[in-house]
Asks: 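Please see the structure below; I have some questions.
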Amino acid sequence: MVDVKTLSDYMEPKTLEEAEQIQKELAKRLALCPLDFSQISLIAGVDVSYIDDQALGIVVLINKELEIVEVVSERMKVTFPYIPGFLAFREAPVIIKCFEKLKNRPDVALFDGQGIAHPRKLGIASHVGILLDLPTIGIAKSVLYGKCQKPSTVGQATLLKGQDEEVLGYCYLSKKNTKPIIISPGYKTDLDSSLHIVKSLLNGFKLPEPVRLAHLYSQKFKGS
DNA sequence: GCGACAG
DNA sequence: ATCTTGTCGC
Ligand SMILES: [Mg+2]
């Protein structure tokens with residue numbers, strides 16, 4: 001079960017300074033390690049859409065055959081504005097509600113956003129991964145932090161580097177004639193594991209299935 | 001001070 | 001993210 005009471009302390013900062021301090025504290029608990037693929041059976045995709053001041057969170061669970069196993073959604077009033085570098089404070093609350101509602105336990109979760117490719121290594125994937133103690137990976141549609149060369153051929157992954165040439169993730173061209181995606185480990189996963197699992201989850205589209213489906217449902221669920 | 005800037 | 005139809009390209 002999820003300890004909501006404790007989690008709220010990490011999701012309701014009243015100032016940006018406080019939010020930044022929370023990120024620095026959580027970052028101390030950041031841990032990266034390889035994924036044990038033989039133990040992976042359920043993969044989650046996470047995304048959030050908005051209807052006025054309401055956030056609609058979606059978590060989609062699929063198996064290794066890319067078949068949908070479970071889908072949950074939750075709504076919640078938005079309380080934090082969108083500020084680059086602080087997305088988790090806006091989307092994590094409703095996302096965590098979704099995970100509490102989930103019947104199955106995913107072995108790893110892919111988020112629509114950054115993992116450690118963040119100024120303080122605490123993108124939304126890392127943030128939520130630490131709070132729920134769940135292996136996570138960030139799948140972003142653009143760069144927030146770091147520099148990288150543009151991959152030229154499909155299947156090519158270039159290194160996304162931060163301060164002092166530190167590798168934070170990959171810029172990966174998953175499909176022709178599309179913008180490359182930014183892949184970065186979030187929590188309890190690493191660079192190689194993240195790239196490897198994302199490749200196994202591509203199904204003809206730019207985004208890996210879990211994230212693509214989560215985004216699809218987050219839009220589709222507007223109206224019921 | 002100026003520019004960058006996930007969703 | 002959201003406001004929004006058709007249209008060009010693979
Ligand atoms: Mg999103």
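Protein chains get the first letters and strands the later ones, always in sequence-line order, with residue 1 at the start of each.
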Asks: In dot-bracket form, 5' to 3', how is DNA chain C paired? Count Watson-Crick and G-U wobble pairs only if both distances fall under 3.5 Å, and write | where the partner sits on another strand.
Replies: ..........
Asks: Would you check if A:Ile62 and A:Glu67 make a side-chain contact, meaning some heavy-atom pair closer than 4.5 Å?
Replies: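 A side-chain contact is absent here, since even the closest heavy-atom pair is not under 4.5 Å.
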Asks: Between A:Glu74 and A:Lys101, does at least one N-O distance fall below 4.0 Å, as a salt bridge requires?
Replies: yes
Asks: Is the shortest side-chain heavy-atom distance between A:Pro180 and A:Tyr172 below 4.5 Å?
Replies: no
Asks: Identify the 5'-most and 3'-most nucleotides of DNA chain B with at least one atom closer than 4.0 Å to a non-hydrogen atom of chain A.
Replies: B:dC5 to B:dG7
Asks: Test of understanding: clusters of I, L, V, M, F, W, Y form through side-chain heavy atoms closer than 4.5 Å, transitively. Do A:Val108 and A:Leu131 belong to the same one?
Replies: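 Not linked; separate clusters.
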Asks: Does A:Lys179, at its NZ atom, have more than 12 non-hydrogen atoms belonging to other residues, nucleotides or ligands within less than 6.0 Å?
Replies: no
Asks: Applying side-chain hydrogen bond (donor to acceptor under 3.5 Å, both in side chains), can you list everything that pairs with A:Gln39, at least two apart in sequence or on another chain?
Replies: none
Asks: Report which part of the nucleic acid A:Lys222 touches: base, sugar-phosphate, or nothing (heavy-atom distance under 4.0 Å, all strands).
Replies: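 Answer is sugar-phosphate: A:Lys222 comes under 4.0 Å of backbone atoms only.
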Asks: Please table the atom pairs, donor to acceptor, closer than 3.5 Å between any side-chain atom in residues 138-153 of chain A and protein atoms at least two apart or in another chain.
Replies:
{"from": "A:Lys141", "atom 1": "NZ", "to": "A:Asp112", "atom 2": "OD1", "distance (Å)": "2.6"}
{"from": "A:Lys141", "atom 1": "NZ", "to": "A:Asp112", "atom 2": "OD2", "distance (Å)": "3.2"}
{"from": "A:Ser152", "atom 1": "OG", "to": "A:Gln156", "atom 2": "OE1", "distance (Å)": "3.2"}

Asks: With a sphere of 6.0 Å drawn around NZ of A:Lys64, does it hold more than 12 non-hydrogen atoms of other residues, nucleotides or ligands?
Replies: yes
Asks: Once salt bridge (charged side-chain N to carboxylate O under 4.0 Å, His left out) is applied, what residue pairs with a partner in residues 181-206 of chain A remain, sequence neighbours excluded?
Replies: A:Asp133-A:Lys188
Asks: May I ask you to check if A:Arg212 and A:Phe205 form a cation-pi contact, with NZ or CZ under 6.0 angstrom from the six-membered ring centre and within 45° of the axis?
Replies: yes
Asks: With sequence neighbours excluded, tell me which residues meet salt bridge (charged side-chain N to carboxylate O under 4.0 Å, His left out) with A:Glu91.
Replies: none
Asks: Quick one, A:Phe89 and A:Glu12 - any side-chain contact, counting heavy atoms below 4.5 Å?
Replies: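 Counting from C-beta outward, A:Phe89 and A:Glu12 never come under 4.5 Å.
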Asks: Is there a side-chain contact between A:Leu110 and A:Glu209, using heavy atoms and a 4.5 Å cut-off?
Replies: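 Answer no - side chains too far apart.
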Asks: Counting distance only, does the side-chain N/O of A:Lys222 pair as donor-acceptor with the main-chain N or O of A:Tyr50 below 3.5 Å?
Replies: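 Looks like yes, one N/O pair under 3.5 Å.
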Asks: Between residues 108-123 of chain A and DNA chain B, which residues have a heavy-atom gap below 4.0 Å?
Replies: A:Asp112, A:Gly113, A:Gln114, A:His118, A:Gly123
Asks: Answer with yes or no whether the side chains of A:Ser41 and A:Asn63 bring together a donor and an acceptor at under 3.5 Å.
Replies: no
Asks: Determine whether A:Asp107 and A:Leu35 make a side-chain contact, defined as any pair of heavy atoms from C-beta on separated by less than 4.5 Å.
Replies: no
Asks: Can you list the stems that DNA chain B is part of, where a stem is at least 3 pairs in a row, each Watson-Crick or G-U, with both distances below 3.5 Å?
Replies: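 None - DNA chain B has no stem of 3 or more consecutive pairs.
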Asks: Summarise how protein sits on nucleotides 5-10 of chain C as a single string, 5' to 3': B when a protein heavy atom is under 4.0 Å from the base, S for sugar-phosphate-only contact, - for no contact.
Replies: -----S
Asks: Pick base, sugar-phosphate or nothing for A:Phe80, based on heavy-atom distances below 4.0 Å to the nucleic acid.
Replies: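 Since no nucleic acid heavy atom lies under 4.0 Å of A:Phe80, the category is nothing.
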Asks: Check whether A:Ser218 reaches the backbone of A:Asp47 with its side chain - one donor and one acceptor, N or O, closer than 3.5 Å.
Replies: no
Asks: For residues 49-58 of chain A, which residues have at least one heavy atom under 4.0 Å from DNA chain C?
Replies: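 Here the set is A:Ser49, A:Tyr50.
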Asks: Counting distance only, does the side-chain N/O of A:Asp36 pair as donor-acceptor with the main-chain N or O of A:Ser38 below 3.5 Å?
Replies: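 Side chain of A:Asp36 to backbone of A:Ser38, a donor-acceptor pair under 3.5 Å: yes, one is there.
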Asks: If we ignore hydrogens and angles and just use 3.5 Å, is the side chain of A:Thr189 paired with the main-chain N or O of A:Thr136 as donor and acceptor?
Replies: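 At least one qualifying donor-acceptor pair exists.
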Asks: Would you please say whether a donor-acceptor pair under 3.5 Å links the side chains of A:Arg75 and A:Gln54?
Replies: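 Per modelled atom types, A:Arg75 and A:Gln54 side chains form no pair under 3.5 Å.
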Asks: When you measure from every atom of DNA chain C, which of residues 198-219 of chain A have a heavy atom less than 4.0 Å away?
Replies: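 Close to the strand are A:His215, A:Gln219.
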Asks: Tell me, which of residues 182-195 of chain A have any heavy atom that sits under 4.0 Å from an atom in DNA chain C?
Replies: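 Per residue number, the list is empty: none.
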Asks: Would you check if A:Tyr170 and A:Thr158 make a side-chain contact, meaning some heavy-atom pair closer than 4.5 Å?
Replies: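 They are not in side-chain contact.
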Asks: Are the side chains of A:Ile197 and A:Ile137 in touch, meaning some heavy atoms are under 4.5 Å apart?
Replies: yes
Asks: Base, sugar-phosphate, or nothing for A:Gly85, non-hydrogen atoms under 4.0 angstrom?
Replies: base
Asks: Is a side-chain donor or acceptor of A:Arg120 paired with a backbone partner of A:Gln23 at a separation under 3.5 angstrom?
Replies: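 Absent.
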